[in-house]
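Some notes on the structure that comes next.
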Number of protein chains: 2
Amino acid sequence: MNSSVTLRDIAKALNLSISTISKALNDSHEIGAETKQKVLDYAKKHHYSPNRMAKGLKEGKTRTIGVVVCSLDNNVIAQMLDGIHKASTDKSYQIIIMQSKESEKLETACLELLYAGGVDGILISPAYETVNFNYLLSLQKSGIPVVLFDRLIDQIHTHKVGADNFKGAYEATMHLINNGYRKIAHLNTNTILSIATDRLNGYKQALADSGIEFRPELLRSCNYTGATTLNENLEQAIKDYMSLEDKPDAIFTATDQISTKCLVLLNKLGYKIPEDIALIGFTNTDLAEAMNPPMSTVYQPAFEIGQLAAEKLISLIERKNFDEGFETVMLPTEVQVRASSQPKK
Amino acid sequence: MNSSVTLRDIAKALNLSISTISKALNDSHEIGAETKQKVLDYAKKHHYSPNRMAKGLKEGKTRTIGVVVCSLDNNVIAQMLDGIHKASTDKSYQIIIMQSKESEKLETACLELLYAGGVDGILISPAYETVNFNYLLSLQKSGIPVVLFDRLIDQIHTHKVGADNFKGAYEATMHLINNGYRKIAHLNTNTILSIATDRLNGYKQALADSGIEFRPELLRSCNYTGATTLNENLEQAIKDYMSLEDKPDAIFTATDQISTKCLVLLNKLGYKIPEDIALIGFTNTDLAEAMNPPMSTVYQPAFEIGQLAAEKLISLIERKNFDEGFETVMLPTEVQVRASSQPKK
DNA sequence: CTGTTAGCGCCTTCAT
DNA sequence: ATGAAGGCGCTAACAG
């Protein structure tokens, strides 16, 4: 740590006591205006800033928020982190970011580290793999506020902030239907998280509302553990789809990675998009426009999700809303239409 | 902060003194094996973990690294952060990430915050806009180790880790030349950072080595402040290029954002890539394959850059290499050939 | 081998 | 209006 000027230094320099300095800097009423000014001037001039460690130790707070995400290297996540970052620095909190890499075990390790590190609160978007939330619950029980963002679960009672995945999926599927597609496949992840089921349900509802029968063979859940595995899974899924007797004429993909990888694979396998098969998917990349063809997407307000979640966590930490109950906020998604889902000819 | 079990709690429970517990947990040789075991067992059972704040206060260390980058929401940066994150957690350091948004003023604010927060060291990839590095230098002088990564500058004497930008640019330009292109434009940023000049020099060298004259009108430096501005700048640059009497047949782009935006713009303006104009650029996106057309890229070992930089910083913090001098490491880039730079017909 | 003590920088009573 | 003293949890020097 940098050896900056301390209260003691100022006290010595100004021939005052440490507590006088402390009070002056905290604008206590029991310090004379003149003294106060003198102290403030000196402090500013010498770049005094209170020692985080000492203050934290004293107050039993760290002004630090722990964040657990699947991976840093992911568009949507990066945008959410950006929002979390903004809200946190606005309220002068630091954030510590941990990556679960979709592994339940790693996720628990992250939480343990955060706990040991003494964070004031935790923001988490659970790993796909996670099914057991006991550790998280025990943290919460031991007094650490937890807020869920992006991927929400029912097993824990707290504030939750995510996208309206049901609606987003519904609208994406409807968009395909309105453009003349009837045999719509859905590629999703094999996780118990509601982010997957909500999107699946939105898809099913759109089919139902349009009098289209849901065909189980057009639904595939991909294994997300390891990038290669995902790619292989996807390739197999696509090949299976396309070798069906009654093959799909469109695909609706449920996650950022699946969407972009799917587009690459369709190109690689020689299918024309959207002539052979149309495509729309959840993803936030600003490169959708650059793709071949430009890809229709369901955009999530990722920045806002992160920002709101962080604000809610901080309010929990500071117990501003002592009496208010917990709430779940679902921010609206937006279908961005591009060439990959052009009306069927 | 979570109110966990403290040394005192353990001492009381085991009827031992606080310092005995402390020593036992630190595996001091002056504690009996039996006692040690008893303490360790109790500690594990009750999830003891030392209070970060107390330890930090005592040791004058925070085991925290401050990281300053232009933006979280950027492929290359995210990959570097991933590497920084890995190296840091491997050595049980926390990281605090700050964003400069390419602004010198914001960057200084980030550094001030980090300083006030009491970080043990700083990793920084300077903002494009920054020309004055005095604050950074003053931090270093006051005893905080600083390591530069990604974007390196001469003004500060320390460890530096980046990509071999000269070579990457040279190879990219050579690739175009070898594929028959002769009128190669270069789109860069208007920054004094060597990341820009190195790439420019690599480009020039490749031209020179091939007996091609450098044409100033084929070089444009874009203003990076604000995403819209960049887009407008780029569009204007491209239009200017294409209205030249002797217009370019290829473009080599110098940054991630310029590369991808340039491809979008060329498509938007109706130019065929690579028939009307070929394209290769620095960028790490794994979506290069998905683009229209698949884009040839210069890939930087971003993860490794971050990881190595963090390792070097930690070794500075821990003064492991007290006598060794500072070094600048340039990791090799890799030209990934795709359709956008196909041999000229 | 174990315990006592002091102190890291800050804040908070309680005196003066 | 200012100062003295104690303590947050931990470590390290010094005693026993």
Side-chain angles (χ1 to χ4, degrees), chain A residues 1-40 42-43 46-64 92 115-120 142-143, chain B residues 1-40 42-43 46-64 92 115-120 142-143:
Chain A
M1 180 153 62
N2 49 75
S3 60
S4 34
V5 42
T6 70
L7 287 191
R8 192 209 319 286
D9 299 331
I10 305 182
K12 213 175 294 177
L14 296 175
N15 245 317
L16 287 167
S17 81
I18 293 181
S19 56
T20 301
I21 309 297
S22 170
K23 285 170 188 165
L25 290 172
N26 288 305
D27 202 24
S28 161
H29 54 275
E30 43 180 336
I31 300 293
E34 200 180 336
T35 315
K36 222 179 253 181
Q37 198 52 52
K38 211 166 50 179
V39 173
L40 253 45
Y42 187 94
H46 292 261
H47 296 106
Y48 168 80
S49 79
N51 181 308
R52 250 190 111 78
M53 296 289 117
K55 203 163 177 177
L57 176 56
K58 180 70 190 177
E59 297 178 350
K61 295 243 165 235
T62 57
R63 288 199 86 82
T64 301
S92 32
Y115 176 73
V119 294
D120 291 342
S142 85
Chain B
M1 180 156 59
N2 48 75
S3 59
S4 32
V5 42
T6 71
L7 287 190
R8 177 174 19 254
D9 299 333
I10 305 183
K12 212 175 295 177
L14 266 39
N15 245 316
L16 288 166
S17 81
I18 293 181
S19 63
T20 301
I21 309 298
S22 171
K23 286 170 187 164
L25 290 173
N26 288 306
D27 202 24
S28 161
H29 55 274
E30 43 181 335
I31 300 293
E34 200 181 336
T35 314
K36 221 179 256 183
Q37 198 51 52
K38 211 166 49 178
V39 173
L40 254 44
Y42 187 93
H46 293 260
H47 296 105
Y48 169 80
S49 80
N51 181 306
R52 246 190 114 77
M53 296 290 116
K55 202 165 177 176
L57 176 57
K58 178 71 191 174
E59 296 178 349
K61 297 242 165 233
T62 56
R63 288 198 88 80
T64 300
S92 30
Y115 176 73
V119 294
D120 291 343
S142 84

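Note on naming: letters A, B, ... go to the chains in the order of the sequence lines (proteins, then strands), and numbering restarts at 1 for each one.
- Of all heavy-atom pairs spanning B:A11 and B:S17, the tightest one is CB-C, 3.8 Å.
- What separates NZ of A:K36 from P of D:dA1 is a distance of 9 Å, to the nearest Å.
- The side chain to side chain donor-acceptor pair (under 3.5 Å) test applied to B:N15 returns no partner, not counting sequence neighbours.
- Between the CG atom of B:L25 and the P atom of D:dA12 there is a distance of 13 Å, rounded to whole Å.
- The nearest whole Å value for the distance from the NZ atom in A:K61 to the P atom in C:dG9 is 24 Å.
- The side-chain contact (heavy atoms from CB on, under 4.5 Å) test with A:L25 singles out one residue from A:L7, A:T20, A:I31, and that residue is A:L7.
- For B:L14 and C:dG3, the CG to C1' distance is 15 Å, given to the nearest whole Å.
- Atom CD1 in B:I10 sits about 11 Å away from atom P in D:dT11, given to the nearest Å.
- When all heavy atoms are compared, the tightest approach of A:L57 to B:A54 is CD1-CB, 3.8 Å.
- Atom CD of A:E30 is separated from atom P of C:dT13 by 10 Å (rounded to the nearest Å).
- Salt bridge annotation for A:R63-A:D120: absent, with no cationic side-chain nitrogen under 4.0 angstrom from a carboxylate oxygen.
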Contacts under 3.5 Å, N or O only, protein and nucleotides 10-12 of chain C:
unit_1, atom_1, unit_2, atom_2, d
C:dC10, OP1, A:Y48, OH, 2.8
C:dC10, OP1, A:N51, N, 3.2
C:dC10, OP2, A:L7, N, 2.7
C:dC11, OP2, A:S22, OG, 3.2
C:dC11, O2, A:K58, NZ, 3.2

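- Not one side-chain nitrogen or oxygen of A:T20 sits closer than 4.0 Å to the OP1 or OP2 atom of D:dT2.
- Across all their heavy atoms, A:G56 and B:M53 have their closest contact at CA-SD, 3.8 Å.
- Between the CD1 atom of B:I31 and the P atom of D:dG16 there is a distance of 18 Å, rounded to whole Å.
- Atom CD1 in A:I21 sits roughly 8 Å away from atom P in D:dG3 (whole-Å rounding).
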